[in-house]
Amino acid sequence: MTIRCRIAPSPTGPLHIGTARTALFNFLFARHVGGTFVLRLEDTDVARSTVEFERDILDGLHWLGLEWDEGPEVAGLPALGPYGPYRQMQRLPLYQEAAERLLSEDRAYHCYCTPDELAADRQAQEAAHQAPHYVGRCARLSPVERRAREAEGRRPVIRFRVGEGKVAFDDIVRGHVEISTEALGGDLIIVRSDGTPLYHFVVVVDDAMMAITHVIRGEDHLSNTPKHILLFRALGAEVPDFAHLPLILNPDRTKMSKRMGQTAIADYIAQGYIQEAMVNFLALLGWASGTEEELFTLDELIARFDLSRVHQGGAVFDRERLEWLDGQWIRRLSADDLVDRMAPFLAADLALLRATGAEVREPSEGDLQALVPLVQERMPVLGAIGSLVDFIFLESVTVDPELLVPKRWDAPTTLEGLTAARKVI
RNA sequence: GCCCCCAUCGUCUAGAGGCCUAGGACGCCACCCUUUCAAGGUGGAGAUCACCGGUUCGAAUCCGGUUGGGGGCACCA
C-alpha cells in the first residue's frame with residue numbers, strides 16, 4: 001500500500017507559518033518514504049473563503065518548493081490525481097451521500113434545536129461548571145415530533161452520534177492517547193441547516209475517499225481526533241495513522257497568533273527572506289536531525305526526515321534565528337542567483353526614493369553584478385539591499401556626520417582623513 | 001469548568017539508564033581580523049535537566065504524584 005498524506009488548508013486567510021510547517025512535514029514524510037503528497041482545499045466556510053487567499057496559499061507552497069502530487073486545478077492548469085475533485089465545495093454530493101448513509105443507519109439524526117436553545121444550554125452548563133455539550137434533545141425524536149418542528153419552519157442540522165466508551169489511538173509522535181466520548185461535547189453537527197457540511201465531517205469523508213494513510217497535522221487537533229476516528233469507523237473506512245506536530249508558539253508560549261507578530265508566509269517573502277532559509281528554519285521547529293548539522297537543503301531534509309524524531313513540546317518562533325539562517329543561505333547563493341533575487345528589492349526601494357522626489361539612477365545589469373561582493377556578506381534579508389547601497393544610485397547624498405567618525409577617532413582626524421581621501425580620488 | 005497534551009541554557013535543540021563536570025546553534029559579552037559595516041575566527045557568561053518521591057549499584061533519561069504551561073471543547077477550520 002502506498003503511503004499517502006496531505007495538506008488541507010482553508011482559504012480563509014493567507015498561508016500561515018503553521019500551515020506551511022505542517023505542509024513541509026507532510027511533504028518531507030511523503031518524499032522520504034516515496035509516498036504521495038496531496039493538496040486539498042477546504043473551502044466549506046463559504047463566508048470566509050476567498051480566491052485571493054487561495055492564490056496566496058498556492059503561491060506560498062510553490063515558493064517553498066512543496067510540489068504536490070495530487071491537487072485541484074489552478075490557474076488554468078488541470079487537476080492532478082485520480083481522487084478529485086480536490087476542492088471541497090466541488091465534493092458536496094459526496095458529503096451529502098455520506099450523511100444520508102449515516103442517517104439511514106441511525107448513526108446520525110436531524111436536530112431542530114435553535115441557536116437560542118443551544119446558547120441557553122451552554123449557559124446553564126457553564127453555571128453548573130460542566131463542559132459545554134449537546135444535551136441530546138433531538139436524539140430520539142418521533143416522526144410526529146419531527147413533523148411538528150418542520151411545520152414550525154425549522155431547518156434541521158445533522159448530528160453524528162458519538163456513542164459511549166473510550167476512543168484510543170497510537171499517535172506517531174504522542175504515543176498512546178485515550179479519550180472518553182463523554183469529553184467530546186455530545187453529538188456533533190456534521191451538516192449545517194443550510195445543507196453545507198462541517199469540517200470534522202468533510203475532513204474524514206475526504207481522507208477516507210482519498211485513501212489518506214497518514215494524517216500529519218498540528219497538535220491543536222489532538223483532542224478532535226477521537227471524533228474523526230468515530231466518523232471513520234461509522235463510514236466503514238480504515239482509520240489512518242495520526243501524527244500530531246507540536247505547535248509553533250509566540251514568545252509568551254501561546255499558540256502563534258497574528259497579534260504577537262507576523263504569521264503570513266507572504267510577509268516574510270515580502271521582506272526578502274529566501275526560500276532556502278524559510279524551509280530550513282521551519283524544518284527545525286519541532287524536528288532535529290540528531291547530529292550537530294543544522295543547515296539543510298530541501299533535498300537533504302527529505303533524505304533525513306523522520307517522524308519519530310519530531311518533538312512533543314511546542315517551539316517558539318525565533319525571528320533572530322530565522323534571520324541568521326537567511327544570512328547563511330544568502331551567502332551560499334551564486335552571484336547570478338543573488339542578482340536575480342535582490343534586483344526587485346532594490347528596484348522597489350529606489351522607486352520609493354524616486355517617489356519622494358529624489359533623483360535616482362537606474363541600476364544596470366553591470367551595477368547589480370558589481371554590488372554582489374559588496375552586499376552578499378552583510379545582508380540578513382534581501383529587503384536590506386536598499387539601506388545598504390541606495391546611495392550609489394542617488395545623485396545627491398546627505399549623511400549624518402556622526403556616522404562618518406570611526407570608532408576611537410574624533411571629528412578633526414576624520415575630516416583630515418576624508419580630505420586626504422578626496423584628493424586621491 | 002471539563003478533557004487531552006507537554007516540560008533540558010532567554011530561544012531552537014542533542015540526549016533511548018553509566019559515554020553528562022549536560023553537547024551544539026541563535027542571541028548576548030570580550031578579543032582577533034578589518035582604517036567602515038558586516039562576515040569569519042577564538043574565548044566567555046548562560047541549564048541545581050520544573051519540583052517531590054520511587055525503581056536501580058547508578059536517573060536528564062524509567063514509574064508515580066505535584067506545580068507550571070499549552071491546546072481542545074462552535075451551524076470556524
Side-chain angles (χ1 to χ4, degrees), chain A residues 8-13 19 42-45 47-49 88 111 113-115 118-119 122 125-134 155-159 171 173-175 177-186 188-200 202-203 217-227 244 246-247 249-255 281 284-295 308-309 311-325 327-328 331 374-380 384 388 403-409 413-414 417 421:
Chain A
S10 178
T12 53
T19 310
E42 309 219 325
D43 55 354
T44 57
D45 185 352
R48 296 195 296 148
S49 296
Q88 290 183 328
C111 167
C113 295
T114 63
L118 296 175
R122 216 160 294 148
Q125 288 155 5
E126 198 173 320
H129 298 294
Q130 288 176 320
H133 63 278
Y134 178 58
R155 293 272 73 85
V157 299
I158 299 176
R159 282 187 189 270
D171 191 279
V173 341
R174 309 275 146 185
V177 179
E178 230 176 68
I179 298 178
S180 161
T181 51
E182 285 168 38
L184 265 28
L188 62 131
I189 300 178
I190 55 175
V191 179
R192 294 182 178 91
S193 53
D194 69 0
T196 55
L198 251 15
Y199 171 76
H200 293 305
V202 293
V203 74
R217 68 207 334 184
E219 192 196 336
D220 42 357
H221 282 300
L222 192 62
S223 329
N224 290 326
T225 302
K227 295 175 189 169
H244 286 93
L247 258 24
L249 274 22
N250 291 315
D252 69 354
R253 306 202 74 89
T254 55
K255 186 171 155 186
F281 177 71
L284 262 20
L285 246 30
W287 175 85
S289 71
T291 67
E292 286 188 351
E293 311 162 89
E294 44 196 349
L295 255 32
S308 70
R309 291 196 58 85
H311 270 222
Q312 305 189 300
V316 173
F317 185 93
D318 180 3
R319 261 194 105 97
E320 309 238 43
R321 199 171 155 80
L322 205 212
E323 205 161 279
W324 172 75
L325 274 170
Q328 291 295 318
R331 269 162 239 143
L374 258 37
V375 299
Q376 186 154 28
E377 295 206 333
R378 61 197 75 187
M379 267 199 302
L388 252 25
L403 294 177
L404 293 175
V405 184
K407 248 183 283 181
R408 289 190 287 271
W409 280 34
T413 319
T414 305

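These numbers come from a predicted model, not from an experiment. Note that these values count all heavy atoms, side chains included, but never hydrogens, waters or copies made by symmetry.
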Nearest atoms (heavy-atom pairs only) where Ser193(A) meets Val157(A):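 Distance-wise, the nearest heavy atoms are N-CG1, 3.5 Å.
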Output one letter per nucleotide in [range]: B when a protein non-hydrogen atom lies under 4.0 Å from the base, S when only the sugar-phosphate is that close, - when neither is.
range	answer
nucleotides 42-50 of chain B	---------
nucleotides 71-77 of chain B	BSB-BBB
nucleotides 17-33 of chain B	------SSBSS------

Should [N] form a Watson-Crick or G-U wobble pair with both distances under 3.5 Å, which nucleotide is its partner?
N	value
C49(B)	none
G40(B)	C32(B)
U21(B)	none
C75(B)	none
G10(B)	C26(B)

Round to the nearest Å and state the distance from [X] atom [atom1] to [N] atom [atom2].
X	N	atom1	atom2	value
Trp287(A)	A14(B)	CH2	C1'	13 Å
Arg378(A)	A38(B)	CZ	C1'	5 Å
Gln312(A)	U13(B)	CD	P	12 Å
Glu323(A)	A38(B)	CD	P	13 Å

Side chain to side chain, Ile189(A) and Tyr134(A), heavy atoms closer than 4.5 Å: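 Answer no - side chains too far apart.
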Minimum side-chain heavy-atom gap Arg253(A)-Val316(A) below 4.5 Å: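 Heavy-atom side-chain distance check passes, below 4.5 Å.
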Phosphate-side-chain proximity, Arg319(A) and C12(B), N/O vs OP1/OP2 below 4.0 Å: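 So the side chain of Arg319(A) is outside the cut-off, no N or O lying under 4.0 Å from OP1 or OP2 of C12(B).
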Under 4.0 angstrom between Gln130(A) side-chain N/O and G1(B) OP1 or OP2: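 No, no such contact exists.
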Side-chain donor-acceptor contact under 3.5 Å, Arg192(A) with Thr44(A):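 Checked: Arg192(A)/Thr44(A) side chains show no N/O donor-acceptor pair below 3.5 Å.
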Between [N] and [M], how far is it from one [atom1] atom to the other, in whole Å?
N	M	atom1	result
A45(B)	C26(B)	C1'	15 Å
A60(B)	G17(B)	C1'	10 Å
U56(B)	C63(B)	C1'	12 Å
C73(B)	C28(B)	P	39 Å
U67(B)	C20(B)	P	36 Å
G58(B)	G53(B)	P	15 Å
C29(B)	C9(B)	C1'	16 Å
C49(B)	U21(B)	P	12 Å

Test log, rule side-chain contact (heavy atoms from CB on, under 4.5 Å), inputs His244(A) and Thr225(A): CA-CA 10 Å; His244(A) 286 93; Thr225(A) 302; 3.0 Å; yes
Touch class at under 4.0 angstrom, heavy-atom based, for Leu285(A) against every strand present: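 Contact class for Leu285(A): sugar-phosphate only.
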Touch class at under 4.0 angstrom, heavy-atom based, for Gly286(A) against every strand present: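 Sugar-phosphate, no base atom in range.
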Over 12 non-hydrogen atoms of neighbours within 6.0 angstrom of CD in Glu293(A):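 Yes, because the 6.0 Å sphere around CD of Glu293(A) holds more than 12 heavy atoms from other groups.
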Mutual orientation of the aromatic rings belonging to Tyr199(A) and His221(A) [parallel < 30°, tilted 30-60°, perpendicular > 60°]: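 Correct class here is parallel.
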Test side-chain contact (heavy atoms from CB on, under 4.5 Å) applied to Leu295(A) and Leu325(A), step by step: CA-CA 8 Å; Leu295(A) 255 32; Leu325(A) 274 170; 3.4 Å; yes
Backbone N/O of Val173(A) and side chain of Gln312(A): donor-acceptor pair under 3.5 Å: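 Such a contact is found between Gln312(A) side chain and Val173(A) backbone.
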Donor-acceptor pair, side chain of Asn250(A) and main chain of Asp252(A), under 3.5 angstrom: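 Answer holds: no.
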Residue whose nearest RNA chain B nucleotide is more 5′ - Val173(A) or Phe317(A):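 Between the two, 5'-proximity favours Val173(A).
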Steps toward side-chain contact (heavy atoms from CB on, under 4.5 Å) verdict (Glu294(A), Arg321(A)): CA-CA 11 Å; Glu294(A) 44 196 349; Arg321(A) 199 171 155 80; 3.2 Å; yes
Asp220(A) side, atom CG; Lys255(A) side, atom NZ - distance, nearest 0.5 Å: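 Going from CG on Asp220(A) over to NZ on Lys255(A), the span is 4.0 Å.
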side-chain contact (heavy atoms from CB on, under 4.5 Å) evaluation trace for His133(A) with Glu182(A): CA-CA 9 Å; His133(A) 63 278; Glu182(A) 285 168 38; over 6 Å; no
Polar pair under 3.5 Å, donor/acceptor by atom type, side chain Arg174(A), base C5(B):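 No.
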